[in-house]
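Values in this document were obtained by computation on a predicted structure and should not be read as measured data. Just so we're on the same page: letters track the sequence lines, and every chain starts at 1.
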Protein chains: 2
Amino acid sequence: MHTTDQKEILSLAYYDHEDKVLLAVDCIIFGFDQEELKILLVKRGFEPEKGKWSLIGGFLKKEEDLDIAAIRVLHHLTGLHDIYMEQLYTYSKVDRDPAYRTLSVAYYALIDIGKHDKELIKKNSAQWFSLKDAPNLIFDHNAMVERAMARLRRRALSKPIGFELLPEKFTMRQLQKLYEAIMGKKLDKRNFISKFNSFDILIKLDEKDMSSSKKGAFLYKFNEEKYNRKVEEGFSFKI
Amino acid sequence: MHTTDQKEILSLAYYDHEDKVLLAVDCIIFGFDQEELKILLVKRGFEPEKGKWSLIGGFLKKEEDLDIAAIRVLHHLTGLHDIYMEQLYTYSKVDRDPAYRTLSVAYYALIDIGKHDKELIKKNSAQWFSLKDAPNLIFDHNAMVERAMARLRRRALSKPIGFELLPEKFTMRQLQKLYEAIMGKKLDKRNFISKFNSFDILIKLDEKDMSSSKKGAFLYKFNEEKYNRKVEEGFSFKI
DNA sequence: ATTTACACGTGTTAAAAATACACTTTTATA
DNA sequence: TATAAAAGTGTATTTTTAACACGTGTAAAT
């Protein structure tokens with residue numbers, strides 16, 4: 001408590017008459033199910049807007065920074081650690097939350113849709129929606145999702161973040177479908193594969209995935225060490 | 001006061017026990033002086049860190065959203081309205097400000113360095129620094145400047161925001177020097193001009209600028225209407 | 001009057017990257 | 001053993017980017 005006391009003493013002259021606000025953290029959680037991008041939403045359990053769909057969120061606590069708060073919120077809903085997450089934007093319209101002056105810092109997260117704790121999300125009345133038929137969301141959460149989607153699209157072009165959305169082993173076709181979903185357009189199979197191979201950051205396994213064809217498709221892994229080494233040598237991922 | 005009362009009543013059950021914080025807004029103000037990028041800094045007039053250089057900032061007020069607060073802060077220092085401004089990132093390390101738990105939302109702004117109110121900035125003990133020899137800044141302000149620079153570099157490639165930093169009329173050479181400053185590398189004169197001309201969003205004036213050569217250099221203006229029309233037709237600025 | 005110095009303005013060619021495009025292979029199942 | 005369904009693979013064309021050098025106009029100096 002010492003530092004807090006000291007802070008409060010120091011603060012009297014300059015800070016104390018300033019307005020204080022509540023800060024929320026809201027997370028746009030993306031997943032990918034072989035065909036399309038999905039987001040995880042919860043049915044809100046309290047007023048205002050009780051019963052409507054919303055992003056998962058929580059309030060920033062005194063002893064946390066925003067990244068920690070976002071991780072806490074995400075972990076609470078999915079049971080997952082070590083998730084790719086990025087701060088997106090801070091929303092501050094005066095009446096965005098009709099109940100109280102609250103600002104919200106939006107984060108987006110990419111998760112392997114197969115890995116989260118299904119019990120936990122059921123318990124939290126959460127549900128995956130494909131982006132196309134997601135319900136209308138409370139407050140400014142629709143705008144948050146749109147901004148997250150735009151950011152994801154941009155990032156996916158310059159960083160191999162797509163791997164966060166895939167299982168550890170994946171086929172070239174899955175990778176391509178993911179990029180098609182992110183970029184919102186069809187890609188040419190041959191061009192896509194030869195471009196990706198030119199990066200030389202994938203490991204081709206001996207295993208095949210037999211679930212999608214009779215012939216079977218080779219599985220690949222992302223070679224993160226090699227990627228990092230290449231980046232240090234000046235390589236930049238541009239798809 | 002009615003809405004405030006109502007808010008406070010509604011809020012009791014769900015919001016009242018949450019921690020509240022102070023929210024600051026800090027602005028990275030970029031200018032361009034024919035040769036290099038500069039930022040406007042102020043000597044801080046109060047504790048903590050009194051006398052050190054910092055970004056200009058202020059606290060968010062109850063009745064403002066962040067954009068409005070950033071505009072207010074900027075106007076207070078430069079006297080300027082209608083400035084290009086963009087929210088950058090929210091900084092939240094628990095001890096970023098040793099005096100009080102304060103988060104800061106950073107904004108960056110682009111201004112025509114010739115236009116601001118020189119009296120006003122003197123009165124506020126502010127000063128322009130070239131990015132290279134800017135002093136060390138308080139708190140996490142150095143990180144803010146770096147992030148702003150990275151954002152500016154990225155944005156300048158996909159939007160013609162450079163014009164915000166130039167006077168209304170400019171020469172091709174000035175435009176090129178600005179892009180060189182933003183991108184941190186020399187560009188080829190012929191390639192630069194022919195690329196820019198291919199966009200067809202400049203108006204060549206009959207006037208010449210005689211200040212930099214005996215021959216004189218034609219002045220240009222940015223054709224914003226034409227640019228906007230083109231964007232609507234699907235044109236995208238990529239330099 | 002002539003020369004000098006200085007930035008202005010302009011086009012072509014070669015290399016690299018992006019795009020368009022179609023057939024053979026494999027194998028489970030009918 | 002014929003079929004169906006996805007896997008896997010290479011080349012030619014177009015577009016974009018990068019590299020590169022010299023004549024012009026004019027004020028100032030001689």
Side-chain angles (χ1 to χ4, degrees), chain A residues 33-36 153-154 156-158 166-167 169-221 230 234-239, chain B residues 33-35 153 156-158 166-167 169-221 230 234-239:
Chain A
D33 73 348
Q34 316 292 313
E35 285 299 329
E36 47 184 10
R153 217 170 272 139
R154 198 157 44 68
L157 297 177
S158 62
L166 292 172
K169 300 172 183 182
F170 50 86
T171 65
M172 277 293 189
R173 180 44 66 95
Q174 284 174 283
L175 185 60
Q176 184 184 341
K177 285 225 168 129
L178 170 59
Y179 272 88
E180 289 177 339
I182 291 175
M183 290 157 75
K185 64 175 182 194
K186 287 273 170 217
L187 302 172
D188 179 85
K189 185 165 53 159
R190 282 162 294 184
N191 293 339
F192 180 82
I193 290 173
S194 62
K195 171 155 244 176
F196 235 101
N197 280 336
S198 75
F199 296 152
D200 186 27
I201 52 174
L202 296 182
I203 302 168
K204 184 174 186 170
L205 305 176
D206 285 332
E207 278 174 88
K208 281 189 162 188
D209 170 285
M210 303 305 293
S211 68
S212 63
S213 77
K214 291 156 187 170
K215 189 179 176 185
F218 279 105
L219 288 163
Y220 291 79
K221 281 167 89 170
K230 287 192 152 228
F235 166 79
S236 94
F237 179 89
K238 288 259 169 286
I239 210 163
Chain B
D33 73 348
Q34 315 293 310
E35 285 299 329
R153 218 169 272 138
L157 297 177
S158 63
L166 291 172
K169 300 173 184 181
F170 50 85
T171 65
M172 277 294 189
R173 180 45 65 95
Q174 283 175 283
L175 186 60
Q176 184 184 341
K177 285 223 167 131
L178 170 59
Y179 272 87
E180 289 177 341
I182 292 175
M183 290 157 75
K185 64 176 182 192
K186 288 275 168 213
L187 302 172
D188 179 86
K189 185 165 52 159
R190 283 163 294 186
N191 292 340
F192 180 82
I193 290 174
S194 61
K195 171 155 245 176
F196 234 102
N197 279 336
S198 75
F199 296 152
D200 186 26
I201 54 173
L202 295 182
I203 302 168
K204 185 174 188 172
L205 305 176
D206 285 331
E207 276 174 272
K208 280 189 162 188
D209 171 285
M210 303 305 294
S211 68
S212 62
S213 79
K214 289 155 189 170
K215 190 180 177 185
F218 280 105
L219 288 164
Y220 291 78
K221 281 167 88 170
K230 287 191 153 230
F235 166 78
S236 94
F237 179 89
K238 288 258 168 288
I239 209 163

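B:S213 has no side-chain polar atom (N or O) that falls below the 4.0 Å cut-off from OP1 or OP2 of D:dG25. Considering only side-chain N and O atoms, A:R173 lies nowhere under 4.0 angstrom from the phosphate OP1 or OP2 of D:dA6.
Rounding to whole angstrom units, CG of residue B:L187 and P of D:dA18 are separated by 10 Å. Rounded to a whole Å, the CD atom of B:Q176 is 12 Å from the C1' atom of C:dG9. One atom, CG of B:L175, and another, P of C:dC8, lie 13 Å apart when rounded to the nearest Å. As rounded to whole Å, 8 Å separates atom C1' of C:dT4 from atom NZ of B:K214. When the P atom of C:dA20 is taken as reference, atom CZ of A:F192 falls 16 Å away, rounded to whole Å. Taking atom CG of B:N191 as the reference point, atom C1' of C:dA15 lies 13 Å away to the nearest angstrom. A:Q174 places its CD atom 10 Å from the P atom of D:dA7, with the value rounded to the nearest Å. A:M210 places its CE atom 13 Å from the P atom of C:dT26, with the value rounded to the nearest Å.
The structure places OH of B:Y179 at 8.0 Å from CG of B:L157, a figure rounded to the nearest 0.5 Å. For the atom pair CZ of A:R173 and NZ of A:K189, the computed distance is 5.0 Å after rounding to the nearest 0.5 Å.
Mapping A:K208 and A:K189 onto DNA chain C by nearest heavy atom places A:K189 at the nucleotide closer to the 5' end. Place A:K238 and B:D188 on DNA chain C by their nearest nucleotides, and B:D188 ends up nearer the 5' end. Heavy-atom distances to DNA chain D give each of B:K185 and A:K204 a nearest nucleotide, and the one nearer the 5′ end belongs to A:K204.
Between A:F196 and A:F199, the two ring planes are perpendicular [angle over 60°; tilted spans 30° to 60°].
A cation-pi arrangement is found for A:K208 relative to A:F218, the charged atom lying closer than 6.0 Å to the ring centre and inside a 45° cone about the ring normal.
Taking a cutoff of 4.0 Å between a charged side-chain nitrogen and a carboxylate oxygen, B:K185 and B:E180 do not qualify as a salt bridge.
Of the candidates C:dG11, D:dA7, C:dC8, the closest approach to any side-chain atom of B:R190 belongs to C:dG11. For A:F218, the side-chain atoms get nearest to D:dG8 when compared with the rest of D:dG8, C:dC8, D:dA7.
Under 3.5 Å, the side chain of A:K215 and the base of D:dG8 form no donor-acceptor pair of N or O atoms.
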